[in-house]
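Structure first, commentary second.
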Amino acid sequence: MLATNLLDEAVYETAVFGELYHYRWGIETYYGLLKGRLDLENFTGRSPEAVRQDVYATIFLSNLESVLTRPRNASWPTPRPNVNTPVR
C-alpha cells in the first residue's frame with residue numbers, strides 16, 4: 001500500500017509512483033538488514049553516545065563487508081544451465 005498527499009493527477013502521474021517505489025526498495029531492504037544486525041534491544045551502552053557509536057559501527061562494518069565481498073562475488077563463475085551437459 002502506498003499513501004501520499006500528492007493528489008493532483010495532472011502534476012503527479014500515478015505510474016511514476018511505482019517507479020519511485022522500485023528505487024526505494026533497495027534502501028528499505030538495507031534498513032532491514034541493518035536493523036537485524038543492530039539487534040536493537042542489545043546496545044553496548046545506555047547513553048545516546050553509546051547508541052550512536054553502535055549505529056555508526058554497524059553501518060561502517062556493513063559497508064566494509066560490501067566493499068570486501070564485491071570483488072569475490074564478481075569473480076564467481078556463472079552456473080551451467082544443465083549439469084548433465086558435458087563441458088566442451
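Note that the coordinates shown come from a computational prediction; the quantities given were computed from them, not determined experimentally. Computed over heavy atoms, backbone and side chain alike; hydrogens, waters and symmetry mates excluded.
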For residues Ala50 and Thr44, report the shortest heavy-atom separation together with the two atoms involved. O-OG1, 4.4 Å

Separation between CD1 (Ile59) and CG (Asp54), nearest 0.5 Å, reads 11.0 Å

From Leu68 CG over to Asn63 CG, what is the distance, rounded to the nearest 0.5 angstrom? 11.0 Å

Would Phe60 end up clustered with Val67 when hydrophobic side chains under 4.5 Å apart are linked, directly or stepwise? no

Tell me whether Ser62 contacts the main-chain N or O of Thr58 through its side chain, where contact means a donor paired with an acceptor under 3.5 Å. no

